[in-house]
Amino acid sequence: MKSNPFYYGGAVGDEHFCNRVSEIKELRTDMLSGLNILIYAPRRFGKTSFVLKTLEELEGERVKYVFLDLMYLSTVDEFINKYFNVLAKSLEEPTDKVVNFFKSILKLRPNINVNFDSAGNPSFSLAMSNEDRTKALEDVLNIPYEFAKNGQKIVVVFDEFQEIVGLELESKLRSVIQRHGDKVAYIFMGSKKSLLHQMFLDKSRPFYKSVKHFKIQEIAKESWREFVASKFAATGKRIDDGYIDAIFRLTKGFPYYTQQFAYELWNMTDERVDDEIFAKTQNTIMEREEDLFAVEWDNLTPNQKKSVKIILDKGGKSLYDEQYLAKYQIKSGSFQTALGGLVKKDIIDKTASEGYYFQDPLFEFWMRGRNG
Ligand SMILES: Nc1ncnc2c1ncn2[C@@H]1O[C@H](COP(=O)(O)OP(=O)(O)O)[C@@H](O)[C@H]1O
Ligand SMILES: [Mg+2]
C-alpha cells in the first residue's frame, strides 16, 4: 500500500513543499546581500520550512548558515552554549579544526568542551565562570563575523526571536550585530506578531527599524490544486478540483491546515473523494481542534467575545455600526479596547484592504458554527 503523500507537523522540504517560488527568490537575494530581515507569520504558517528551503537552495553559493531556535531557552548561559554549539557545528569541521578555530577567535579562551554522542556526533559547550559570562557572550556573538572575514558569506537564523526579550539579551545582541554590517545576514523569525512589532517598530527599542520586513502569505489556491491533485493521482486516488477548492475555503490556504485536511482526506478515501468522505473528514478535524478552540474562547474577556461576534457578523469591515454595538450591548470605546486586546492576543489582525480577520481560519470556521 502507498503511504500518505501529505504531511503536517514540523518543517517540510522536498516533495512536501508547495510553491513559495517568488518568495524564495527574493529572500535568497536578500541573504546574499547580507540584509537583516524580519519574518513573522502565525504559528504553523510555514516560516521555518520557507527559510530552510531558501537556505538549501543557496548551496553552491559558498554560503554557510546557522540556525538557532530560541523557543526553549531560559537562561543566558543556555543561549551562549546552544548558540556556540550550532555555530561550531555549522561553520567548521572536523572537530579539532573547530576547536582550534574558536580558540583563535575567542579572546577570553574559555575551555571548550566537546562531547560525543553514541553515533559519534560532537556537541560543543563553553566552560565559563560568572565573571567570564559577559565577555563570553560577546565573543560568541562575534563568531559569525570573525568567520565572515575569510570571505565566507554567513546567514544566521534566529527562530522564535521574540523569546530574546525574556533572556534580557535584546540590547546586547543589537549592539554587537550592528557592527557585522553586510558580512552576516541575520534572519529574525517569529510567530508573536504583536511582540515582534513592538520590538521592531517602537522607537525606544534596540531593534527599531533595523530590518527589512519580509511578508509571507498563504499559499495560493492554484498552487494547492496542483499540489493536492497530483499527490492523489500519484498514489492511485482521485480528487476533483471542487473538493480542493472546498478545502481552500476552509483553510484559506493556511499551510498546516491545508496539509492536515489533505492528509486526513487521503486516509479516508479508497478511490475517489465524494461528499460523504469530505464531510466526515471535516468533522474529524473540527472535533480534534475543538478543545483548543474552546480554551481560546474561554480566555477572552466578555467584551472580546462580543467583539469576535461583531467581526464575524460584519465580515471584518465597517465594524463601528451602531446597530451591532447595540445588539451586543457594547460601547464603542470598550469595543475599541477589546479589538486591541484581540490583536495583542494574536487572535485577529488587520489589513488596510480587508479589515479585521482571524489569524486562524479554522478558529473562525468553528466560531461561525457556534454563532448560528
Ligand atoms: N511551503 C509549504 N508547502 C506545503 N506545506 C507547508 C509549507 N510550509 C508549511 N507547510 C505545512 O505547515 C506545517 C508547519 O510548517 P512550519 O514551517 O513548521 O511552520 P512555522 O515555522 O511557521 O510554525 C508543515 O508541517 C506543513 O504541513
Ligand atoms: Mg517554526
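Ligands are counted one by one from 1 in listed order, and the atoms in each one are counted from 1 as well. Since we're looking at a predicted model, the values are computed, not measured.
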Does the ring centre of [Y] sit less than 6.0 Å away from the ring centre of [X]?
X    : Y    : answer
F84  : F79  : no
F161 : F188 : yes
F45  : F254 : yes
F248 : Y257 : no
F227 : W224 : yes

Atoms of ligand 1 less than 4.0 Å from [X] heavy atoms?
X   : value
S49 : 8 (N), 9 (C), 15 (O), 16 (P), 17 (O)
F45 : 19 (O), 20 (P), 22 (O)
F17 : 1 (N), 3 (N)
Y7  : 25 (O), 26 (C), 27 (O)
Y8  : 25 (O), 27 (O)
H16 : 3 (N), 4 (C), 5 (N)

Quiz item: Would you say the side chain of V273 lies within less than 4.5 Å of the side chain of R238, judging by non-hydrogen atoms?
Solution: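 They are not in side-chain contact.
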For the 3.5 Å polar cut-off, considering only N or O atoms, please tell me whether [X] and ligand 1 meet it.
X    : value
F50  : no
W224 : no
R20  : no
T48  : yes
F227 : no

Any idea which protein heavy atom is nearest [atom], and the distance to it?
atom                    : result
atom 23 (O) of ligand 1 : R44 N, 2.8 Å
atom 19 (O) of ligand 1 : G46 N, 2.9 Å
atom 5 (N) of ligand 1  : Q259 NE2, 2.8 Å

Quiz item: Does ligand 1 have any atom sitting under 4.0 Å from a heavy atom of G10?
Solution: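 In this structure, G10 qualifies as a contact of ligand 1 - some heavy atom is under 4.0 Å.
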Quiz prompt | Any I219 heavy atom less than 4.0 Å from ligand 1 | solution = yes
Surrounding [atom1] of [X] (heavy atoms of other residues, nucleotides or ligands, distance under 6.0 Å), is the total greater than 12?
X    : atom1 : value
E26  : CD    : yes
K193 : NZ    : yes
K82  : NZ    : no
K212 : NZ    : yes
K89  : NZ    : yes

Quiz item: Among P255, G9, A11, C18, which one has a heavy atom closest to atom 1 (N) of ligand 1?
Solution: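 Of the listed residues, C18 has the closest heavy atom.
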